[in-house]
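All heavy atoms count here, side chains included; hydrogens, waters and symmetry mates do not. Within every chain, numbering begins at 1; the chains are lettered A, B, ... in the order of the sequence lines, protein sequences first and strands thereafter.
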There are 2 protein chains.
Amino acid sequence: MISRTARYALHVLAILAARPADRLRGEEIASATGIPVNYLSKILNQLRKAGLVESRKGWGGGFQLQAEAGQRPIRDVLVVFDGLESADRHDCALGRTACDNEHPCAMHDEWAGVRDGFTRMITATKVADLAQ
Amino acid sequence: MISRTARYALHVLAILAARPADRLRGEEIASATGIPVNYLSKILNQLRKAGLVESRKGWGGGFQLQAEAGQRPIRDVLVVFDGLESADRHDCALGRTACDNEHPCAMHDEWAGVRDGFTRMITATKVADLAQ
DNA sequence: ACCTCAATGGATGCATATATCCATTGAGAT
DNA sequence: ATCTCAATGGATATATGCATCCATTGAGGT
């Protein structure tokens with residue numbers, strides 16, 4: 001549902017959202033989250049390319065939440081790391097391609113409910129909400 | 001949420017549940033479902049070991065839904081293929097170990113709702129319900 | 001100008017889910 | 001007894017998510 005990498009990203013954003021005025025080194029974020037440093041650097045890079053964080057190199061450098069990123073929904077993060085299909089699900093729980101409202105599978109309605117709850121969760125929750 | 005293999009298994013059971021009186025060869029099930037034959041054989045074997053299907057070797061052999069399997073909840077299938085943790089979720093959407101009702105994360109309640117819906121779905125739906 | 005610091009990015013390793021191949025077993029048909 | 005059929009099971013391939021390693025870039029301090 002949410003990949004480990006995407007959860008990492010959310011955890012990182014939570015840390016940054018808690019201190020929006022500070023610039024944190026990758027090393028700090030790694031030790032605060034427990035995410036392996038090298039892997040984290042890839043994640044931070046993707047967050048930067050997605051416009052969610054700003055970075056500065058060299059002495060005094062580090063990462064900081066991008067100005068308006070706090071108001072972005074969690075969904076935006078999931079799209080980056082898990083793809084659109086994972087964020088906007090309209091799949092069948094059994095993987096049937098022929099499953100729709102006219103020809104529902106046995107779990108169609110209940111699965112639609114689960115998906116809706118998920119969608120509502122990731123659109124209602126904003127990055128800023130993650131700050132502990 | 002539900003692995004491809006588990007969805008395969010459910011699809012297989014759907015086929016067998018639709019014809020509870022017949023014994024179907026692996027080959028037939030493969031072409032009916034589109035699951036690669038060899039991979040399917042592993043799945044059928046696990047279903048047999050789990051007591052969900054019966055098998056017979058050789059001439060006239062094949063697979064058949066086990067007598068009481070129709071009343072087993074889908075959850076039993078998910079436990080076999082995706083493990084207990086996947087069927088009975090009580091995890092945090094952000095992967096926090098420290099997340100509980102006293103110290104909830106930003107998505108705690110909404111995620112609990114999603115999980116509950118899933119749990120209800122897989123316990124309420126029985127194998128027999130899958131028959132198209 | 002030079003040095004150090006920290007992000008950037010490419011290449012590579014590892015684990016697991018998915019998929020394939022083939023030899024063996026056991027059951028019915030003849 | 002022998003033959004054929006189809007499940008069983010072990011060994012091996014492929015793809016992907018996760019993780020590591022290291023060389024390069026660019027920004028500040030001296």
Side-chain angles (χ1 to χ4, degrees), chain A residues 1-12 15-16 22-66 77-83 85-87 95, chain B residues 1-12 15-16 22-66 77-83 85-86 94-95:
Chain A
M1 201 110 210
I2 302 180
S3 72
R4 177 187 293 242
T5 303
R7 285 200 307 270
Y8 281 167
L10 293 173
H11 200 169
V12 168
I15 301 284
L16 293 176
D22 300 338
R23 204 187 328 276
L24 303 177
R25 286 180 299 109
E27 191 73 52
E28 301 179 62
I29 301 173
S31 67
T33 56
I35 304 169
V37 212
N38 306 288
Y39 194 56
L40 174 63
S41 79
K42 309 293 186 194
I43 294 171
L44 283 164
N45 216 239
Q46 288 187 265
L47 286 172
R48 180 181 59 80
K49 286 173 182 167
L52 286 156
V53 307
E54 285 174 350
S55 71
R56 191 173 299 183
K57 283 184 171 183
W59 208 99
F63 299 89
Q64 190 168 12
L65 203 63
Q66 210 275 335
V77 182
L78 296 188
V79 168
V80 172
F81 293 93
D82 294 348
E85 321 74 45
S86 164
Chain B
M1 201 108 208
I2 302 181
S3 71
R4 176 188 295 240
T5 303
R7 285 200 306 270
Y8 281 168
L10 292 173
H11 200 168
V12 167
I15 300 285
L16 293 176
D22 301 339
R23 203 188 328 276
L24 304 177
R25 286 180 298 111
E27 192 73 52
E28 300 179 61
I29 301 174
S31 66
T33 56
I35 305 169
V37 213
N38 306 289
Y39 194 55
L40 173 63
S41 79
K42 308 293 187 193
I43 294 171
L44 283 163
N45 215 239
Q46 289 186 264
L47 286 172
R48 181 182 56 82
K49 287 173 181 167
L52 286 156
V53 308
E54 287 174 349
S55 71
R56 191 175 298 184
K57 283 184 171 184
W59 208 97
F63 299 89
Q64 189 168 13
L65 202 64
Q66 211 276 334
V77 182
L78 297 188
V79 168
V80 171
F81 292 94
D82 294 349
E85 322 72 45
S86 163
L94 300 174

Touch class at under 4.0 angstrom, heavy-atom based, for B:Phe81 against every strand present: nothing
Reading 5' to 3' through nucleotides 25-30 of chain D, protein heavy-atom contacts under 4.0 Å coded B for base, S for sugar-phosphate only, - for none: BBBSS-
Contacting residues from residues 28-42 of chain A, given that a heavy atom lies under 4.0 angstrom of DNA chain D: A:Pro36, A:Asn38, A:Tyr39, A:Lys42
Send over the distance from [X] [atom1] to [N] [atom2], rounded to a whole Å.
{"X": "A:Arg7", "N": "D:dA19", "atom1": "CZ", "atom2": "P", "answer": "10 Å"}
{"X": "B:Asp82", "N": "C:dT16", "atom1": "CG", "atom2": "P", "answer": "15 Å"}
{"X": "B:Phe63", "N": "D:dA6", "atom1": "CZ", "atom2": "C1'", "answer": "8 Å"}
{"X": "B:Arg25", "N": "C:dG28", "atom1": "CZ", "atom2": "P", "answer": "17 Å"}
{"X": "B:Lys49", "N": "D:dA7", "atom1": "NZ", "atom2": "P", "answer": "15 Å"}
{"X": "A:Ile43", "N": "C:dT8", "atom1": "CD1", "atom2": "C1'", "answer": "15 Å"}
{"X": "A:Leu24", "N": "C:dA6", "atom1": "CG", "atom2": "P", "answer": "12 Å"}
{"X": "A:Gln46", "N": "D:dA19", "atom1": "CD", "atom2": "P", "answer": "13 Å"}

Ignoring backbone atoms, test whether [X] places a side-chain nitrogen or oxygen under 4.0 Å from the OP1 or OP2 oxygen of [N].
{"X": "B:Ser55", "N": "D:dT8", "value": "yes"}
{"X": "A:Thr5", "N": "D:dG17", "value": "no"}
{"X": "B:Tyr8", "N": "C:dA19", "value": "yes"}
{"X": "B:Arg23", "N": "D:dA6", "value": "no"}
{"X": "A:Arg48", "N": "C:dA6", "value": "no"}

Enclosure of B:Glu28 CD (heavy-atom neighbours >12, cutoff 6.0 Å): yes
More than 12 heavy atoms of other groups within 6.0 Å of B:Arg56 CZ: no
Hey, does [Y] have a side-chain heavy atom less than 4.5 Å from the side chain of [X]?
{"X": "B:Thr5", "Y": "B:Ile43", "value": "yes"}
{"X": "A:Leu78", "Y": "A:Ile2", "value": "yes"}
{"X": "B:Leu52", "Y": "B:Gln66", "value": "no"}
{"X": "A:Phe81", "Y": "A:Tyr8", "value": "no"}
{"X": "B:Lys49", "Y": "B:Asn45", "value": "yes"}

Atom pair CG/CG of B:Leu47 and B:Leu10 - distance to nearest 0.5 Å: 9.0 Å
Where A:Val80 and A:Ala50 come nearest, the two heavy atoms and their spacing: CG2-CB, 3.7 Å
Nearest heavy-atom neighbours spanning B:Leu40 and B:Gly26: CD2-O, 3.4 Å
Candidates D:dT8, D:dG9, C:dT8 - which lies nearest the side chain of A:Asn45: C:dT8
Closest-nucleotide 5' rank along DNA chain D - winner of B:Gly26 and A:Ala6: B:Gly26
